[in-house]
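Here it is, the structure in full.
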Amino acid sequence: MKQTWENSLFIHYPVRKEVLEPLIPCELALDTYDGVGWVSIVPYYIRDLRGKGLPPIPGTSEFPGYNLRTYIKGKDKPGIYFFYLGAGNFLAPKLARPFFRLPYMQENLKMWKGVDGIRFEGEQLSCHYVHKKKPFNPKKGSLEEWLLERYCFYTLNKGKIFQCNIVHPSWVIYEANAEFHENSLLSKYKIDPLMYKPILHFSKRAEVKIWPLVPVKNNKHFST
């Protein structure tokens, strides 16, 4: 599958690992940075969604969306675990759930760009954000690299672990400011962060290729 992510805001919260570990499947291993777990909320706009070598399916090629995720160890490839994904489109979640085994749900979402920044509106997440002028690449070994430079996600189906590889260029990001009018996702999943003022990153655009799920052997791939 190919798609383009635009105007993505990464909203990062540190969380004690003891809070996060019971919330992920026992088959996976939580990843931490300096002993601390993290969750991120990411609103974005999807464009040009299509299967490899196929034209876009009418009515599904572009829409706003967001996800709530945490971070997973992998022997060779650290990744992401999604608690929830929302899509401002009726058909896209129905098509994505069988292929990627993700908790994708349709929501009434709106996203638009104005002279004063970008606005994202939904029942569980509503915010207004602007990015600063100077872009940068995450430095090797930094928290930014640890959070952002992940190129797969892990999911479970009938007790079996699957990995989905995601390919795109390294992130070019900006620092950002945001005003939140609604953000109930953490409380919905009983996630109590160590601080309620998040770290924010912004990305203008990323062209992405997403590969099919492949099975993973727990005892080979993950370490606790």
Side-chain angles (χ1 to χ4, degrees), residues 5 7-26 28-45 64-74 78-86 103 105 107 109 111 116-154 170-204 206 224:
W5 301 334
N7 297 323
S8 303
L9 180 67
F10 296 87
I11 308 162
H12 307 292
Y13 295 93
V15 183
R16 289 186 301 113
K17 64 179 182 179
E18 293 83 4
V19 172
L20 286 177
E21 284 175 335
L23 301 179
I24 66 171
C26 61
L28 302 177
L30 182 73
D31 203 358
T32 62
Y33 187 85
D34 289 342
V36 176
W38 287 79
V39 296
S40 300
I41 302 168
V42 188
Y44 49 82
Y45 197 87
Y66 71 95
N67 60 64
L68 171 64
R69 68 215 216 173
T70 192
Y71 300 93
I72 299 299
K73 291 180 182 178
I80 289 167
Y81 176 77
F82 291 105
F83 292 112
Y84 181 84
L85 301 96
M105 299 297 293
E107 291 190 36
L109 303 176
M111 187 175 186
D116 61 343
I118 297 161
R119 295 181 182 272
F120 184 93
E121 287 192 2
E123 290 186 4
Q124 300 184 95
L125 178 67
S126 179
C127 57
H128 170 221
Y129 52 98
V130 295
H131 66 83
K132 298 184 180 180
K133 292 183 178 180
K134 188 177 181 181
F136 65 98
N137 297 102
K139 292 182 179 180
K140 187 72 175 177
S142 67
L143 175 61
E144 288 87 356
E145 182 196 43
W146 186 89
L147 288 165
L148 296 170
E149 298 296 330
R150 292 178 183 253
Y151 296 93
C152 72
F153 69 78
Y154 295 103
S170 296
W171 289 103
V172 177
I173 57 174
Y174 299 75
E175 293 182 352
N177 294 318
E179 180 181 355
F180 295 93
H181 308 291
E182 177 63 39
N183 186 359
S184 59
L185 285 162
L186 298 187
S187 60
K188 177 180 178 180
Y189 288 89
K190 295 180 172 59
I191 297 172
D192 186 18
L194 290 170
M195 63 181 187
Y196 282 91
K197 183 177 180 180
I199 294 173
L200 303 174
H201 298 120
F202 174 83
S203 167
K204 286 185 176 181
T224 58

Exercise for the section: Would you indicate whether the side-chain heavy atoms of Ser40 and Phe10 approach each other to under 4.5 Å? Expected result: no

Practice task
Please tell me if the side chains of His128 and Asp116 come closer than 4.5 Å, counting only heavy atoms from C-beta onward.
Solution key: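 Heavy-atom side-chain distance check passes, below 4.5 Å.
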
Practice task
Start with the C-alpha gap between Val42 and Ile11, add the side-chain angles, then the distance that decides, and say whether side-chain contact (heavy atoms from CB on, under 4.5 Å) holds.
Solution key: CA-CA 6 Å; Val42 188; Ile11 308 162; over 6 Å; no

Handout entry: Flag, side chain of Arg69 to backbone of Phe82, donor-acceptor distance under 3.5 Å
Key = no

Handout entry: Rounded distance [0.5 Å steps], CD in Glu144 versus CD in Glu149
Key =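 Separation between the atoms: 10.5 Å.
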
Problem - Closest heavy-atom pair and its distance - Ile24, Thr70 - result: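 So the two residues come closest at CG2-CG2, 3.9 Å.
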
Exercise for the section: Can you measure from CD (Glu145) to CG (Leu147) and round to the nearest 0.5 angstrom? Expected result: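 Answer rounded to 0.5 Å: 10.0 Å.
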
Handout entry: Ile118 side chain near Tyr45 side chain, heavy-atom distance below 4.5 Å
Key =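 Of all side-chain heavy-atom pairs linking Tyr45 with Ile118, none is under 4.5 Å.
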
Problem - Glu175 vs Phe136 side-chain heavy atoms within contact, under 4.5 Å - result: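 Yes - at least one pair of side-chain heavy atoms lies under 4.5 Å apart.
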
Exercise for the section: Identify the two heavy atoms, one from Phe202 and one from Ala176, that lie closest to each other, and give their separation to 0.1 Å. Expected result: CB-CB, 4.1 Å

Exercise for the section: Count the heavy atoms of every other residue, nucleotide or ligand shown that sit under 6.0 Å from NZ of Lys17, and state whether that count exceeds 12. Expected result: no

Fill in the blank from the handout: For Ala178 and Leu9, the nearest pair of non-hydrogen atoms, with its separation, is CB-CD2, 4.2 Å

Practice task
Spell out, as yes or no, whether a donor-acceptor pair under 3.5 Å connects the side chain of His181 to the backbone of Glu121.
Solution key: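 Checked: no pair found.
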
Practice task
Would you give the length of the straight line joining atom CD1 of Ile41 to atom CG of Asn183, rounded to the nearest 0.5 angstrom?
Solution key: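 Ile41 CD1 to Asn183 CG: 4.0 Å, rounded to 0.5 Å.
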
Practice task
Considering non-hydrogen atoms only, spot the tightest contact between Glu123 and Glu107 and give its length.
Solution key: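 Result for this residue pair: N-OE1, 4.5 Å.
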
Exercise for the section: On the 0 to 90° scale, with breaks at 30° and 60°, tag the Trp146-Tyr71 ring pair as parallel, tilted or perpendicular. Expected result: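 Tilted: the ring planes of Trp146 and Tyr71 meet at 30° to 60°.
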
Exercise for the section: Report the C-alpha distance between Tyr174 and Lys204 in whole Å, list the side-chain angles of each, state the deciding distance to 0.1 Å, and finish with yes or no for side-chain contact (heavy atoms from CB on, under 4.5 Å). Expected result: CA-CA 9 Å; Tyr174 299 75; Lys204 286 185 176 181; 3.4 Å; yes

Exercise for the section: Could you check if a side-chain atom of Leu68 sits within less than 4.5 angstrom of a side-chain atom of Leu186, using non-hydrogen atoms only? Expected result: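 Yes - at least one pair of side-chain heavy atoms lies under 4.5 Å apart.
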
Exercise for the section: Please confirm whether the backbone N or O of Tyr129 pairs with a side-chain atom of Asn177, one donor and one acceptor, at under 3.5 Å? Expected result: no

Handout entry: Heavy-atom side-chain proximity of Leu143 to Ile199 below 4.5 angstrom
Key = yes

Exercise for the section: Taking Glu182 for its side chain and Gly122 for its backbone only, find out whether a donor-acceptor pair lies under 3.5 Å. Expected result: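 No; judged by distance alone, with no hydrogens or angles, the pair does not exist.
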
Practice task
Kindly compute the distance separating CH2 (Trp171) from CG (Asn137), expressed to the nearest 0.5 Å.
Solution key: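 Trp171 CH2 to Asn137 CG: 12.0 Å, rounded to 0.5 Å.
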
Handout entry: Atom of Asp31, atom of Pro78 and distance for their closest heavy-atom approach
Key = OD2-CB, 4.0 Å

Practice task
With the side chain counted from C-beta on, respond yes when Tyr189 and Tyr84 share a heavy-atom pair under 4.5 Å apart, and no when they do not.
Solution key: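 When only atoms from C-beta onward are counted, Tyr84 and Tyr189 do touch, with a gap below 4.5 Å.
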
Problem - Separation between CG of Asp192 and CZ of Arg16, rounded to the nearest 0.5 Å - result: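 The distance works out to 7.5 Å.
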
Exercise for the section: Assign the ring pair Tyr44 / Trp5 to parallel, tilted or perpendicular, where the plane angle (0 to 90°) is split at 30° and 60°. Expected result: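 Tyr44 and Trp5: tilted rings.
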
Problem - Rounded distance (nearest 0.5 Å) linking atom CG of Leu148 with atom OG of Ser142 - result: 8.5 Å

Handout entry: Geometric class of the Phe83/Tyr81 ring pair [parallel <30°, tilted 30-60°, perpendicular >60°]
Key =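 Ring orientation of Tyr81 relative to Phe83: perpendicular.
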
Exercise for the section: Indicate yes or no for a side-chain donor-acceptor contact from Tyr33 to the backbone of Pro14 under 3.5 Å, with no hydrogens or angles considered. Expected result: no

Problem - Heavy-atom side-chain contact between Pro64 and Tyr66 under 4.5 Å - result: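 A side-chain contact is absent here, since even the closest heavy-atom pair is not under 4.5 Å.
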
Handout entry: Polar side-chain atom of Thr32 near backbone of Gly37 as donor-acceptor pair, under 3.5 Å
Key = no

Exercise for the section: For Pro198 and Phe180, work out which heavy atoms get closest and say how close. Expected result: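 Closest approach of Pro198 to Phe180: CG-CE1, 4.2 Å.
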
